[in-house]
*Asks:* 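Below are the structure tokens for one structure; questions will follow.
Nothing here was measured: the structure is a model prediction, and the numbers come from that model. Naming: A, B, ... by sequence-line order, numbering from 1 per chain.
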There are 4 protein chains.
Amino acid sequence: MEDKKTQLVHRRREEILTAAKHIFAKNGFRRTKIGEIAAHLSVGKGTLYRYFKDKKSLFLAVFEQGMAGLRQAMRANIEPIIDPKNKISAAVRTYFEFFDNDRELVEILMQVRSEFKDDYRRVFLALYSDYIVKIQENLRVSVKTGVFRKLDVEKTAEAISATLHGVLQSFYVREFGPETAVPDVEKLTDRTEAVTALLLKGLLKTDSA
Amino acid sequence: MEDKKTQLVHRRREEILTAAKHIFAKNGFRRTKIGEIAAHLSVGKGTLYRYFKDKKSLFLAVFEQGMAGLRQAMRANIEPIIDPKNKISAAVRTYFEFFDNDRELVEILMQVRSEFKDDYRRVFLALYSDYIVKIQENLRVSVKTGVFRKLDVEKTAEAISATLHGVLQSFYVREFGPETAVPDVEKLTDRTEAVTALLLKGLLKTDSA
Amino acid sequence: MEDKKTQLVHRRREEILTAAKHIFAKNGFRRTKIGEIAAHLSVGKGTLYRYFKDKKSLFLAVFEQGMAGLRQAMRANIEPIIDPKNKISAAVRTYFEFFDNDRELVEILMQVRSEFKDDYRRVFLALYSDYIVKIQENLRVSVKTGVFRKLDVEKTAEAISATLHGVLQSFYVREFGPETAVPDVEKLTDRTEAVTALLLKGLLKTDSA
Amino acid sequence: MEDKKTQLVHRRREEILTAAKHIFAKNGFRRTKIGEIAAHLSVGKGTLYRYFKDKKSLFLAVFEQGMAGLRQAMRANIEPIIDPKNKISAAVRTYFEFFDNDRELVEILMQVRSEFKDDYRRVFLALYSDYIVKIQENLRVSVKTGVFRKLDVEKTAEAISATLHGVLQSFYVREFGPETAVPDVEKLTDRTEAVTALLLKGLLKTDSA
DNA sequence: AATGAATGAGTGTTCATTCAT
DNA sequence: AATGAATGAACACTCATTCAT
């Protein structure tokens, strides 16, 4: 019985998060009214406050859930791979695919940065640190084994991660937007090859000799 | 006499922009009260409204001025350079130096994205397009001359630009913040080498032969 | 239960209208602050906005309610009367009595004209038209039966109605005003005889030999 | 020389009043900005303040000037007439003609009532009192000479005056409005006959038999 | 005398949050 | 547990008036 109750609570929490993500992504944090989310769920506003302390907590919960999903996807798709090059290309592909499949989360991501700088920092660092650590490990090993050139592991890992974010944003500014009529014409995934190539091979022609 | 007046108006406008940038960067757009900017300048609120239509216009003017400065810096430092590799490294260095020297602008940049998506898009595209075109030209020529490998010009140019943005943001989230007590410990410019190397050489060891 | 709620809502609405009429009449539309009305009712400002869209709507609701009352009074007191002369005198008396008993409404009436010309026109025409039509009918019949002299029905009906308004205003300008210390010394009703006589002796067939 | 200056000042004052009347009538007191009047005259705002203490004074000056014009017209057209009936009909005609020829003043008149109740009262009473006194004299004499029926002089005089005001307002609400495309289709003057007849046939002794 | 840049008081409205039912 | 009526803090913007030039 307790279990049942707990499950119900969990399910309800999920429903709220889904509705909130939808509305927040559509209108942005400020313009979103708690009442609109409640109405979307056909519940009273008070109910939302039983599940989340306040509007900000709800918003951050949406964000954290999204980030957790990203982390999970990255883990599932990258960890099994052993070849360092393939690890990189899998990371790029996974990252892009993930956000192609959850455009609302991109909007949330953009919002959270300026609305809650400090919370963003916290969540960002918490969720991404292990992922950046993984990159660093890959780099370190691959440099040692001679697959990758000699490089500054910390800064390069940061740069790789930053490139993914940067491409996401550039793309978002130009193509995204919930109101875009034809959102499927172009996809982040289309960038996978170019970005992977850039990261792995760089710009220079290397067929020296 | 007209000249004097015009000059005075210009000077006042600049003073307002500087004060506004400072306050907006410190508190963010929403939490900034027009009265606070006015007080900082020791003028009445009405005066600000003589120079800028409303709060949003003032904010966007700060943003546009900053972007104009970036464009100018990029042009001045990159255009004279001929060697494609040096062009790339100069772009990275200029970009990072520019934001190291104007951290308030970074905060503005982060804000504007989520507060005024559409205006951001407009200004961003307007000011950056010529700069992205330059990258594309460089790539196209360098591929033809065999300095750069065969690559997708549009997508790679986008990725290069995105990498710079991404690094700026990653760094910003971790190190920046107007409230940071010791903001000079680490600098964006420290990333120049690693990023330039990543862009030019990629990760893979190329010691063919 | 639904009934109870509906009733409560209705009662609250009436209370707000009463308080608003009082404050609006005392201070005029512009100088009335929403907060003053709320304070008078010991409720929060937000509550007023649950019942009325905005300040203007509240004001116009007060006005419309008053006009509805006037129409009702006119109907109740005039319709049952058959004799044309008595109909006229009843109209004059009812009109004057009504405003003697609701001086706040007079102030509202004066305000609404200049503040919301168009809304005034709309409400005025909507509520008064049937009443003017009644006058016209009375005139038409009475002319036919020879009780009233031959006259321009439309213009004379307008003039009769206008006379009532005009007397109300003249009186108001001189005697009224919520601040008047002794508001009961003179009354609109005191004008009933003189006005009725003026109107009637002009309407009656002067069956001079 | 002094004379010249005085004349110039006078002329300027008149120009300001004309412009102010125009703008005030168009937009209403509240929505009229001092700057708009100044711009219309191609002078600085400060200049207006040399001629009128403040916005309210300017508005009231427009009103008072208009009322003075009405008084003058009434005097010129009525005083020479001796026959009591003709005096009445001349009053009606003059009043209606005056406002047909100065519709802007009607708008001012409507505004002033609710904006400045007390000042309206003062000016109204000051300017109209002599005119009402004239009506009273006419009534008194005519009753004595048997031309008019026995009546309450004060209240009837008030009612006559009120009828003119009332008709003006009724007409205004329905037909006027600065935005009316075809303002000449109907005129106040068209009411002259009906109103005169209403007033007179009520005034004349019905020496039946 | 004329100007118009500068001033800053003043207020309607929204909406996150609470809490009585 | 759920509701949604009630609350009231918070804030941009206008424009009459002043006064240095």
Side-chain angles (χ1 to χ4, degrees), chain A residues 5 8-9 12 29-39 41-59, chain B residues 1 4-5 8-9 12 29-39 41-59, chain C residues 1 4-5 8-9 12 29-39 41-59, chain D residues 5 8-9 12 29-39 41-59:
Chain A
K5 199 181 282 181
L8 203 68
V9 164
R12 182 65 71 98
F29 178 75
R30 300 279 177 174
R31 271 169 305 186
T32 292
K33 292 169 231 172
I34 283 288
E36 191 179 354
I37 299 173
L41 288 161
S42 304
V43 301
K45 280 178 300 188
T47 302
L48 299 190
Y49 282 88
R50 291 197 58 75
Y51 290 82
F52 297 93
K53 184 174 148 284
D54 54 19
K55 190 185 177 188
K56 177 180 166 182
S57 299
L58 176 54
F59 185 71
Chain B
M1 202 187 73
K4 223 184 223 167
K5 198 181 284 182
L8 204 66
V9 164
R12 182 63 72 102
F29 178 77
R30 300 279 179 177
R31 272 168 302 186
T32 293
K33 286 166 253 177
I34 280 289
E36 192 180 350
I37 299 173
L41 287 161
S42 304
V43 301
K45 276 180 303 186
T47 302
L48 300 190
Y49 283 91
R50 290 191 59 73
Y51 289 82
F52 298 93
K53 183 174 148 286
D54 53 19
K55 192 185 174 188
K56 177 181 168 182
S57 298
L58 175 53
F59 185 71
Chain C
M1 201 188 74
K4 221 184 225 169
K5 198 182 284 183
L8 204 67
V9 165
R12 183 63 73 99
F29 179 76
R30 300 279 179 176
R31 270 166 305 183
T32 293
K33 285 167 253 178
I34 281 288
E36 193 179 351
I37 299 174
L41 286 161
S42 304
V43 301
K45 278 180 301 185
T47 302
L48 300 190
Y49 282 90
R50 288 190 59 73
Y51 289 83
F52 297 93
K53 185 175 146 287
D54 53 18
K55 192 184 175 188
K56 177 181 169 181
S57 299
L58 176 53
F59 185 71
Chain D
K5 199 181 282 181
L8 203 65
V9 165
R12 180 64 72 100
F29 178 75
R30 300 278 178 175
R31 270 169 304 184
T32 293
K33 291 169 233 174
I34 283 288
E36 192 180 352
I37 300 174
L41 288 160
S42 305
V43 300
K45 280 178 301 188
T47 304
L48 299 190
Y49 281 88
R50 292 197 59 74
Y51 289 83
F52 298 91
K53 180 174 151 288
D54 54 19
K55 190 185 176 187
K56 177 180 167 183
S57 299
L58 175 54
F59 184 71

*Asks:* If you assign each of A:Phe29 and D:Val9 to its closest nucleotide in DNA chain E, which residue comes earlier from the 5' end?
*Replies:* D:Val9
*Asks:* Once you apply a heavy-atom cut-off of 4.0 Å, does C:Tyr51 come out as touching a base, just sugar-phosphate, or nothing?
*Replies:* sugar-phosphate
*Asks:* Quickly work out the A:Phe52 CZ to E:dT18 P distance and round it to whole Å.
*Replies:* 16 Å
*Asks:* Using whole Å, report how far CZ of D:Arg50 lies from P of E:dG4.
*Replies:* 15 Å
*Asks:* What is the distance from CZ of C:Arg31 to C1' of E:dG12, rounded to the nearest Å?
*Replies:* 18 Å
*Asks:* Minimum heavy-atom separation for B:Lys45 and B:Gly35, please, with both atom names.
*Replies:* CG-CA, 3.8 Å
*Asks:* Under 4.0 Å from OP1 or OP2 of E:dC15: is there any side-chain N or O of A:Lys33 that close?
*Replies:* yes
*Asks:* Less than 4.0 angstrom between a side-chain N/O of C:Tyr49 and OP1 or OP2 of F:dA6, yes or no?
*Replies:* no
*Asks:* Using only side-chain N and O atoms of A:Lys55, determine if any of them is under 4.0 Å from OP1 or OP2 of E:dA16.
*Replies:* yes
*Asks:* Report the secondary structure of DNA chain F in dot-bracket form, marking unpaired bases with a dot and bases paired to a different strand with |, and treating Watson-Crick or G-U pairs with both distances under 3.5 Å as paired.
*Replies:* .||||||||||||||||||||
*Asks:* May I ask you to verify if any side-chain N or O of A:Thr47 is less than 4.0 angstrom from the OP1 or OP2 atom of F:dT3?
*Replies:* yes
*Asks:* Classify the nucleic acid contact of D:Ser57 as base, sugar-phosphate or nothing, counting any heavy atom under 4.0 Å across all strands shown.
*Replies:* nothing
*Asks:* When you match B:Gly44 and C:Thr32 each to their closest nucleotide on DNA chain E, which lands nearer the 5' end?
*Replies:* B:Gly44
*Asks:* Write down the distance between NZ (C:Lys53) and C1' (E:dC15), rounded to a whole number of angstrom.
*Replies:* 17 Å
*Asks:* Between P on E:dT17 and CG on A:Leu58, what's the gap in Å once rounded to a whole number?
*Replies:* 10 Å
*Asks:* Between F:dA12, F:dT17, F:dA6, which one does the side chain of D:Asp54 approach most closely?
*Replies:* F:dT17
*Asks:* Starting at atom CZ of B:Arg30, determine the distance to atom P of E:dA16, rounded to an integer number of angstrom.
*Replies:* 12 Å
*Asks:* Rounding to an integer number of Å, can you tell me how far B:Leu8 CG sits from E:dG4 P?
*Replies:* 16 Å
*Asks:* With a 4.5 Å limit on heavy-atom distance, are the side chains of D:Leu58 and D:Tyr51 in contact?
*Replies:* no
*Asks:* Quick check on F:dA6: is either OP1 or OP2 less than 4.0 Å from any side-chain nitrogen or oxygen of C:Arg12?
*Replies:* yes
*Asks:* Of all residues at least two apart in sequence or in a different chain, which pass the side-chain hydrogen bond (donor to acceptor under 3.5 Å, both in side chains) check with B:Thr47?
*Replies:* none
*Asks:* From the options E:dG4, F:dA5, F:dG8, select the nucleotide whose nearest atom is closest to the side chain of D:Lys45.
*Replies:* E:dG4
*Asks:* Using every non-hydrogen atom in the two residues, find where B:Ile34 and B:Leu48 come nearest and quote the distance to one decimal.
*Replies:* O-CD1, 3.7 Å
*Asks:* Can you measure B:Leu48 atom CG to E:dA6 atom C1' for me and round it to whole angstrom units?
*Replies:* 11 Å
*Asks:* Identify, between B:Lys56 and C:Gly46, the residue whose nearest nucleotide on DNA chain F lies closer to the 5' end.
*Replies:* C:Gly46
*Asks:* Testing the basics here: between B:Lys55 and B:Thr32, what is the closest heavy-atom pair and its distance to 0.1 Å?
*Replies:* NZ-O, 2.9 Å
*Asks:* How would you list, by chain and number, every residue that makes a side-chain hydrogen bond (donor to acceptor under 3.5 Å, both in side chains) with D:Arg30, sequence neighbours excluded?
*Replies:* D:Glu115
*Asks:* Can you name the closest pair of heavy atoms from A:Tyr49 and A:Asp54 and give their distance?
*Replies:* CE2-CA, 3.9 Å
